[in-house]
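Working notes, beginning with the structure itself.
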Amino acid sequence: MLNEGVLVVGGGVAGMQAAIDIAASGKEVVLIDKDKNLGGHVKEYGALFPDLTEGASLVEQKVRIIKNNPKIKVLVGTEVNKLQQVEGALKASFINTGNPQEQIFSAAVISTGFDNFDGKKYGEYGYGRFPGVITGIDFEHQEEAILKRPVKTAVFIKCVGSRDRSKGMPYCSKICCMYTAKQALELKKAQPNAQVYVFYMDIRSNFKNGEEFVRGVMENQHVKYIRGRVGKVIPTNGRLLIRAEDTLMGVPIELEADLVVLATAMVPSQATQSLVTQVGGKLDNNGFILPIPMAESENPMSLTKGVFYAGACGFPCDVKDAMNQGSAAAAGVLSYLQSNRGAAK
Amino acid sequence: MKREQASNWSLEFENAIATSGLADDISRCISCGKCTGVCPVAAISPSYNPRQIIREVLLGNYERIVKSEEIWRCFWCANCAATCPSEIKYPLLMLYIRYFSMSHGAGKKHVDPFIRFVTKARKEAVTFQPGKPARLDEIRALRSSLGLAPLRIVSDKGIKEYQKLFEITGTDEWLKNYQETPEVPIDLSYLEGRILVQDDSISGSEREA
Amino acid sequence: MEEYQRLSLIDPQRVAKLPTPEKLFLFLSCTGSIEYPGTERAVRIVGEKLGIEFIESVDQTCCTGYMLTCNAVNPQLALASTSRNLSIPQEMGLDVGVFCNGCYGYLRELAHLLHSNPAFKEVGDKANEALGRVKYHGHTKIYHVQELWYRQLEKLTSLVKRPLTGLKIAAHYGCHYLANKDVAIDDAQYPTFHEEIYKALGATSVVYKERRACCGYSVGRGFTHREETVLPHITNKMLSAAAAGVQLMTTTCPGCNTALDREQKTITSRGKHVSIPVIDLSQLIAFALGAPVEQLGFKANTTPVLPVLERFVI
Ligand SMILES: Cc1cc2nc3c(=O)[nH]c(=O)nc-3n(C[C@H](O)[C@H](O)[C@H](O)COP(=O)(O)OP(=O)(O)OC[C@H]3O[C@@H](n4cnc5c(N)ncnc54)[C@H](O)[C@@H]3O)c2cc1C
Ligand code: SF4
Ligand code: SF4
Ligand code: SF4
């Protein structure tokens, strides 16, 4: 019993791209997202690095393509909680408008994305405790309000929940250097008189035009980059006192800010971890998907038989990369279906 | 200051630390500066910089810190260790650096004041028991009024055993050596040529008041 | 300031794991015995109310941590005396309660070194052997009484006889309890469990700017670097507390208490007036539970305590 339908779990940019590319070749796709709208994290973002495309308009464009293709069936508000290999096919369980359902698919793409690091885990930064301390994701969600509220001084703190083995988070989240530069830029554009500081350990801008983007923020917007990981945020006089070392000068410094933005990490999601293990895939030390060694897999996004993955469920990535992976996974699905049909015949 | 010669650096000290079992693996330090950012001593005396001290040890340029005043400033408050993303137990490293410095005859003036505590503790198995009779009477009166023994007394057995520990752990010998090692004067500040602004106003809290 | 209450980073799992023992070995602190004997008394009073009997031993010596960290003895002595001291409660079959952050930190760290490094363990074992003592097996648990009090917060609340209504109290947590990140029940950078205790006692807690700043007195810098760093540091801390309107400060370490209480006299004599009584958290709790004031040894304090507590004594 071979079902030609392909399941895509998670309708973020990675999953949408995968669904679009699979359906373009005429295959039936069921795209499932637990949220009530497609688009994943990006749908709530303002402008995206590196070219300042609006997150919402990117998502709108993808959603239009999906709506116009009858081969793609979209189930939103639906959470996939089980995915199992059964007799050469995949059985998925999900809850759609209160009804538990099961369906058989011939292949699947896991594109369940990432979760946000809980900024509260740093007592020293006072997130959730001191007004004026927000996370990068809060910035994206409330961008309009934040840009309107006048600030004299804003401070961005990078690597919050990344590169910190004492918190069990040794890896670099890869995108926060860029989104921080982008947010600093947005703030400066809205409030040219605001003094903006970015505290960093390294500037990781390894994306096309990434270096130029960050240099532009420093050179044209005069955002001050200070090398040092902030030690402490202390509420004082209704403002926020920042203590850190300027490690290039070797001096401890102190400054007062009105807004503190924590560049929180991208962390693996629980859903990814359970779906991946259910289909026999493996997780890496950080809880992201462990890729099959390059020389052993036919497609870079292969996970197990008939199962592929794409996007930030594998490891932190930017939107462009997530979409690339979605396309790659789609190619993997198509060639798998092709060769599997041959085998079945 | 002349250009530093990497050929003068040595890993001997880092290796010694690694084998000491005290401060493990300082090569994990990512030089983020969080420690210095929260360090109360650096806040008052910025020539003291725990991050830079770790770097000196890592690069093998330890001669300078061993002979410096800076290493004696640390409060040992462990604020650095409590905040360090790389789980570096800096105070233990500092303890070791100080021993190392002493083994070169440096820093004695910062240890000497405590030798009298040790001499007294060796007799009483308690530290800080004052010697002045008037103060002792005061303590006796207060403690008695609280229903406690007039003085905190360790049993004869306890004291004898404690003294024996001085013998068998080589502490007596160590103390003798310490006293016989001539002092090497140190007056080198950690980084020569650093410009420090002398500021004796208590800036932070005054601003708050 | 209500802000701290919006978020607690206290680890409920760690709190739940703490025991509610009937009997505990009381590890005596040299500084405590000499500078503030009222603390020891208060610990016993609070223990009694909570049903904890504290047993001490005249064989227990100084923890030797201070001398070690002043580099005035060799590390072997500290390891050996830790091993020896901890063999005493081990033989009694008791876990250890400590009321000094210093003793707590040193015992924990040294016990950890003894446990994790075979060469260090040998130093300890050899010492105990030479003294004819049992070997220290490393399983004795070490608690600071502050966490045991917090563990029974509900019971404490029900026992309050003198609600401290309107008293503005601030915490000095000290460093060497929180620095034990792997076991401490609260966040090392922004702890709030003392504030919860104040609330239970009916008091108002005040958050001041330098609440997490250390006392400056550990490892003897109060002797060697007093003028250069320690006094400016303490001045900073206490003035920030005064600016926030703190009426009373509590500590959980007689060493910290000595620094923050006694140095106020110097600070004031140099023209920056500050007068905030500093007492141990156990003393505060014992007071709120109705212990007779004479039993709490406030006479030992340099900055007078009674002016702020008197009004609660009926
Ligand atoms: C603060 C911040 C700012 C950023 N700014 C930029 C930027 O400017 N430019 C840029 O290129 N990148 C940016 N990024 C990165 C960007 O967010 C990611 O690259 C992108 O979201 C990855 O897409 P994704 O589809 O893999 O995952 P997601 O966006 O996380 O989408 C995953 C989807 O899967 C769904 N899902 C999860 N589990 C299930 C389940 N069990 N059943 C059904 N559905 C499920 C979720 O509801 C979600 O819709 C930023 C990231 C952060 C944190
Ligand atoms: S991308 Fe930048 S901010 Fe994010 S973890 Fe890496 S270095 Fe830190
Ligand atoms: S906080 Fe830790 S990792 Fe950062 S510089 Fe200091 S010792 Fe190194
Ligand atoms: S232990 Fe020493 S280096 Fe670390 S924060 Fe305290 S004073 Fe600074």
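Just so it is clear, the model here is predicted, and its values are computed rather than measured. Sequence lines set the chain letters: A, B, ... in the order given, protein chains first and strands last, and positions in each chain run from 1.
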Quick one: which of B:Val118, B:Leu136, B:Ile139 has the most heavy-atom pairs under 4.5 Å with chain C, could you say?
-> B:Val118

Where does B:Ile168 contact chain C at under 4.5 Å (heavy atoms): side chain, backbone, both or neither?
-> side chain

Decide yes or no on side-chain contact (heavy atoms from CB on, under 4.5 Å) for C:Arg41 and B:Arg143, but give the supporting numbers first.
-> CA-CA 9 Å; C:Arg41 188 77 195 94; B:Arg143 288 182 55 97; over 6 Å; no

For C:Leu77 and B:Phe166, what are the C-alpha separation, side-chain angles and deciding distance, and is it a side-chain contact (heavy atoms from CB on, under 4.5 Å)?
-> CA-CA 6 Å; C:Leu77 181 71; B:Phe166 274 73; 3.5 Å; yes

Tell me, side chain or backbone of C:Leu113 under 4.5 Å from chain B's heavy atoms, or both, or neither?
-> side chain

Where along residues 75-88 of chain B does a heavy atom come under 4.5 Å of chain C, listed by residue number?
-> B:Phe75, B:Trp76, B:Cys77, B:Ala78, B:Asn79, B:Ala81, B:Ala82, B:Thr83, B:Cys84

Checking heavy atoms, do the side chain of C:Gln60, its backbone, both or neither come under 4.5 Å from chain B?
-> both

Where is the tightest heavy-atom contact between C:Ser81 and B:Tyr162, given as atom of each residue plus distance?
-> CB-CE1, 3.9 Å

Between C:Leu28 and chain B, which part of the residue has a heavy atom less than 4.5 Å away: side chain, backbone, both or neither?
-> both

Residues of residues 120-127 of chain B near chain C, each having a heavy atom less than 4.5 Å away = B:Ala121, B:Ala125, B:Val126, B:Thr127

Measure C:His233 against the heavy atoms of chain B and call it side chain, backbone, both or neither at under 4.5 Å.
-> both

NE2 (B:His110) and CG (C:Asn71) are apart, to the nearest 0.5 Å, by 11.5 Å

Out of curiosity, C:Cys70 SG to B:Asp112 CG, how far, rounded to the nearest 0.5 Å?
-> 12.0 Å

Top residue by heavy-atom pair count (under 4.5 Å) with chain C, among B:Lys157, B:Lys109, B:Glu161?
-> B:Glu161

Which bit of B:Arg140 is near chain C, if near means a heavy-atom gap under 4.5 Å: side chain, backbone, both or neither?
-> neither

Which atoms of C:Ala188 approach chain B - backbone, side chain, both or neither, heavy atom under 4.5 Å = side chain

Check ion pair B:Lys89-C:Glu109 (N to O, under 4.0 angstrom) = yes

Residue part contacting chain B, namely of C:Ala213, when any heavy atom lies under 4.5 Å = neither

Start with the C-alpha distance between B:Arg135 and C:Glu35, add both sets of side-chain angles, then the distance that settles salt bridge (charged side-chain N to carboxylate O under 4.0 Å, His left out), and finish with yes or no.
-> CA-CA 10 Å; B:Arg135 177 80 179 109; C:Glu35 298 291 338; 3.5 Å; yes

Between C:Leu68 and chain B, which part of the residue has a heavy atom less than 4.5 Å away: side chain, backbone, both or neither?
-> both

Distance, nearest 0.5 Å, that separates CZ of B:Phe114 from CE of C:Met67 | 12.0 Å

First locate atom CE of B:Met94, then atom OG1 of C:Thr69, and finally report the distance between them rounded to the nearest 0.5 Å.
-> 12.5 Å

Chain C contact via B:Leu142 - which portion, at a heavy-atom distance below 4.5 Å = side chain

The interface call for B:Ser20 against chain C, heavy-atom contacts under 4.5 Å, is backbone

Can you tell which part of C:Gln189 gets under 4.5 Å to a heavy atom of chain B, answering side chain, backbone, both or neither?
-> side chain

Dump the intermediate steps for side-chain contact (heavy atoms from CB on, under 4.5 Å) on B:Arg152 and C:Cys30, then the final yes or no.
-> CA-CA 8 Å; B:Arg152 160 86 188 284; C:Cys30 298; 4.1 Å; yes

Any residue of residues 127-134 of chain C which, by heavy atoms, sits under 4.5 Å from chain B = C:Ala127, C:Ala130, C:Leu131, C:Arg133

Sort B:Lys160 into side chain, backbone, both or neither according to what part of it lies under 4.5 angstrom from a heavy atom of chain C.
-> neither

Between C:Ala80 and B:Thr169, what is the shortest heavy-atom contact and its length?
-> CB-CG2, 3.5 Å

Is chain B contacted by the side chain of C:Pro292, its backbone, both, or neither, given a heavy-atom distance below 4.5 Å?
-> neither

Taken to the nearest 0.5 Å, the spacing of C:Phe120 CZ from B:Leu22 CG works out to 4.5 Å

When rounded to the nearest 0.5 Å, the distance separating CD of C:Glu228 from OG of B:Ser45 is 5.0 Å

Sequence neighbours excluded, every pair satisfying salt bridge (Lys or Arg N to Asp or Glu O under 4.0 Å) that has a member inside residues 216-227 of chain C | C:Arg226-C:Glu263, C:Glu227-C:Arg270

In terms of heavy-atom pairs under 4.5 Å with chain B, which of C:Cys63, C:Gly105, C:Cys175 leads?
-> C:Cys175

Interchain contact, B:Leu92 with chain C, by part (heavy-atom threshold 4.5 Å) = side chain

Are any non-hydrogen side-chain atoms of C:Thr229 and B:Tyr48 less than 4.5 angstrom apart?
-> no

Engaged part of C:Ser29 at the chain B interface, taking heavy atoms whose separation is under 4.5 Å | backbone

Using non-hydrogen atoms only, which part of B:Leu175 is less than 4.5 Å away from chain C: side chain, backbone, both, or neither?
-> side chain

